[in-house]
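Take a look at the structure set out below.
Below, read A as the first sequence line, B as the second, and so on, with proteins coming before strands; counting in each chain starts at 1.
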Protein chains: 2
Amino acid sequence: MKYSELKKIIKRHGLRITDCRIDVLSYFIQYKKALTFKNLEDQFEAYDRVTLYRTLSAFEEHGLLHKIPDDSGFATYGLCQDCSTEAHHHNHIHFKCLKCEQLECIDDTINISIDSLPKNYIAQDMDVIIKGVCQQCNSN
Amino acid sequence: MKYSELKKIIKRHGLRITDCRIDVLSYFIQYKKALTFKNLEDQFEAYDRVTLYRTLSAFEEHGLLHKIPDDSGFATYGLCQDCSTEAHHHNHIHFKCLKCEQLECIDDTINISIDSLPKNYIAQDMDVIIKGVCQQCNSN
DNA sequence: CAAAAAATGCAATTTTGTTGCAACTAAACT
DNA sequence: AGTTTAGTTGCAACAAAATTGCATTTTTTG
């Protein structure tokens with residue numbers, strides 16, 4: 001994606017433009033799948049660990065990235081589709097491949113319906129992680 | 001739960017009986033909700049941290065506990081209903097209360113249907129975490 | 001009860017994430 | 001453009017979380 005586009009996205013979310021933010025956002029967009037802190041650390045050795053941590057949390061706070069619950073113990077982040085500093089709103093549907101361990105966000109191709117919760121429980125949000133074998137691992 | 005019952009459960013999963021395992025399993029059964037490592041550390045100060053870590057992973061490997069994905073960064077474990085060393089099989093439906101932060105396993109009271117996955121994706125398992133307000137927090 | 005196998009506790013280490021602060025940089029304002 | 005300001009970075013130190021190796025103790029087997 002063009003530099004000017006990236007800049008626009010970051011600005012729209014109320015953040016200043018910096019080299020690190022441009023690089024990280026660009027990588028997320030190009031890579032398409034969810035990334036862990038470790039992935040980014042490996043990819044961007046030139047930036048200090050602290051800077052990467054802070055980039056991730058700034059992006060999360062401002063609605064560019066969302067944290068995906070993962071039982072691997074590594075915080076994993078995915079690009080938000082349409083969030084802002086004010087409100088995160090997803091369907092939070094994710095696919096974790098048990099072969100390649102990659103986590104990806106599945107767009108609107110899945111419908112999930114919840115019939116009922118025990119009484120006096122109020123549902124506000126939902127995370128769904130489907131585990132299995134992804135397209136790529138499946139065809140190899 | 002009676003000591004002899006606890007012993008039977010642990011044995012059935014191919015593990016030796018030790019004080020720590022009895023205590024931890026007993027606590028999970030009595031407490032009913034999911035627990036983090038920290039919860040257990042606080043509860044069982046007498047046991048070494050390492051022993052508790054190893055108890056949790058032994059229980060996980062042998063199908064007594066399952067790890068629940070959580071974006072808080074703390075590994076959280078819940079009792080398995082009917083798993084063994086050979087196979088974990090749940091519907092993995094969990095409820096996380098945004099007020100009291102407690103995570104609990106909701107049994108079979110929820111139906112979820114998934115319409116479709118993108119082609120060439122194979123679903124094997126699913127984790128669902130519903131976030132909201134639990135019964136207890138709701139009535140206070 | 002003895003031997004073998006496994007679990008525990010401790011110390012040391014590694015990994016992961018956070019904080020404070022000085023130096024630097026982007027954006028805003030003459 | 002140059003100055004101000006507010007936010008960002010990198011470093012070092014720190015804190016927290018998890019893991020490893022090993023000697024000791026405990027459980028199980030026969």
Side-chain angles (χ1 to χ4, degrees), chain A residues 3-27 34-65 67-77 85 101 103, chain B residues 3-4 6-27 34-65 67-77 85 101:
Chain A
Y3 180 65
S4 62
E5 291 278 344
L6 296 167
K7 265 170 76 166
K8 233 184 278 175
I9 296 173
I10 293 172
K11 265 220 170 104
R12 193 171 60 234
H13 287 84
L15 286 167
R16 292 193 173 189
I17 312 305
T18 69
D19 292 354
C20 183
R21 287 173 184 170
I22 293 286
D23 285 343
V24 169
L25 177 59
S26 169
Y27 188 57
L35 293 163
T36 61
F37 172 77
K38 192 134 194 9
N39 293 149
L40 293 171
E41 200 183 12
D42 292 345
Q43 180 67 18
F44 299 110
E45 291 182 347
Y47 295 115
D48 193 88
R49 291 164 3 89
V50 178
T51 304
L52 291 172
Y53 275 118
R54 290 196 272 225
T55 300
L56 286 174
S57 41
F59 278 5
E60 194 190 2
E61 273 168 35
H62 289 77
L64 277 143
L65 294 176
K67 213 183 251 178
I68 305 170
D70 189 72
D71 53 20
S72 75
F74 299 104
T76 307
Y77 293 85
T85 306
E101 300 265 296
L103 187 64
Chain B
Y3 179 67
S4 62
L6 296 166
K7 264 170 75 167
K8 232 184 278 175
I9 296 173
I10 294 171
K11 263 215 171 111
R12 194 172 57 232
H13 287 84
L15 286 169
R16 292 191 173 190
I17 311 305
T18 69
D19 293 354
C20 183
R21 287 174 183 170
I22 292 287
D23 285 343
V24 169
L25 177 59
S26 167
Y27 189 57
L35 293 163
T36 61
F37 172 77
K38 191 134 195 8
N39 293 149
L40 292 171
E41 201 183 12
D42 292 345
Q43 181 66 19
F44 298 110
E45 291 182 347
Y47 295 115
D48 194 86
R49 291 165 5 89
V50 177
T51 304
L52 291 173
Y53 275 117
R54 290 195 271 224
T55 300
L56 286 175
S57 42
F59 277 5
E60 192 190 3
E61 273 169 37
H62 289 76
L64 277 143
L65 294 176
K67 215 184 248 178
I68 305 170
D70 189 71
D71 52 20
S72 75
F74 298 106
T76 307
Y77 293 85
T85 306
E101 300 266 296

Next on the checklist: Strictly under 4.0 angstrom, non-hydrogen atoms only: write out the protein contact profile of nucleotides 8-16 of chain C, one letter per nucleotide from the 5' end, B, S or -.
Outcome noted: BBBB----S
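In this structure, A:P69 and B:D71 approach most closely via the heavy-atom pair CB-N, 3.9 Å.
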Contacts table for residues 49-56 of chain B: side-chain donor-acceptor under 3.5 angstrom, sequence neighbours left out:
from	atom 1	to	atom 2	distance (Å)
B:T55	OG1	B:T51	O	2.7

Donor-acceptor pairs under 3.5 angstrom involving side-chain atoms of residues 34-46 of chain A: please list them, not counting sequence neighbours.
from	atom 1	to	atom 2	distance (Å)
A:T36	OG1	A:K38	N	3.4
A:T36	OG1	A:N39	N	3.1
A:T36	OG1	A:N39	OD1	3.1
A:N39	OD1	A:T36	N	2.8
A:Q43	OE1	A:Y27	OH	3.4

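Separation of atoms CD1 (A:I17) and CD1 (A:I10) is listed at 5.0 Å; rounding is to 0.5 Å. Between A:I9 atom CD1 and A:I22 atom CD1 the span is 9.0 Å, to the nearest 0.5 Å. The distance from the NE2 atom of A:H13 to the CZ atom of A:R21 is 12.5 Å, given to the nearest 0.5 Å. For the atom pair A:R12 CZ and A:L64 CG, the distance stands at 8.5 Å (nearest 0.5 Å). Atom OG in B:S4 sits 11.5 Å away from atom NZ in B:K11 (nearest 0.5 Å).
First and last contacts of DNA chain D with chain B, using any nucleotide atom under 4.0 Å from a protein heavy atom and ordered 5' to 3', fall at D:dA17 to D:dT28.
With sequence neighbours excluded, the residues satisfying side chain to side chain donor-acceptor pair (under 3.5 Å) with A:S72 are A:D70. Remark: B:D23 pairs with B:Y47 by the side chain to side chain donor-acceptor pair (under 3.5 Å) rule, at least two apart or across chains.
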Please write out each protein N/O paired with an N/O of nucleotides 27-29 of chain C under 3.5 Å, distance rounded to 0.1 Å.
from	atom 1	to	atom 2	distance (Å)
C:dA27	OP1	A:I17	N	3.3

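Axis deviation across the helix from C:dC1-D:dG30 to C:dT30-D:dA1 amounts to 40°, comparing end segments of five pairs, rounded to 10 degrees.
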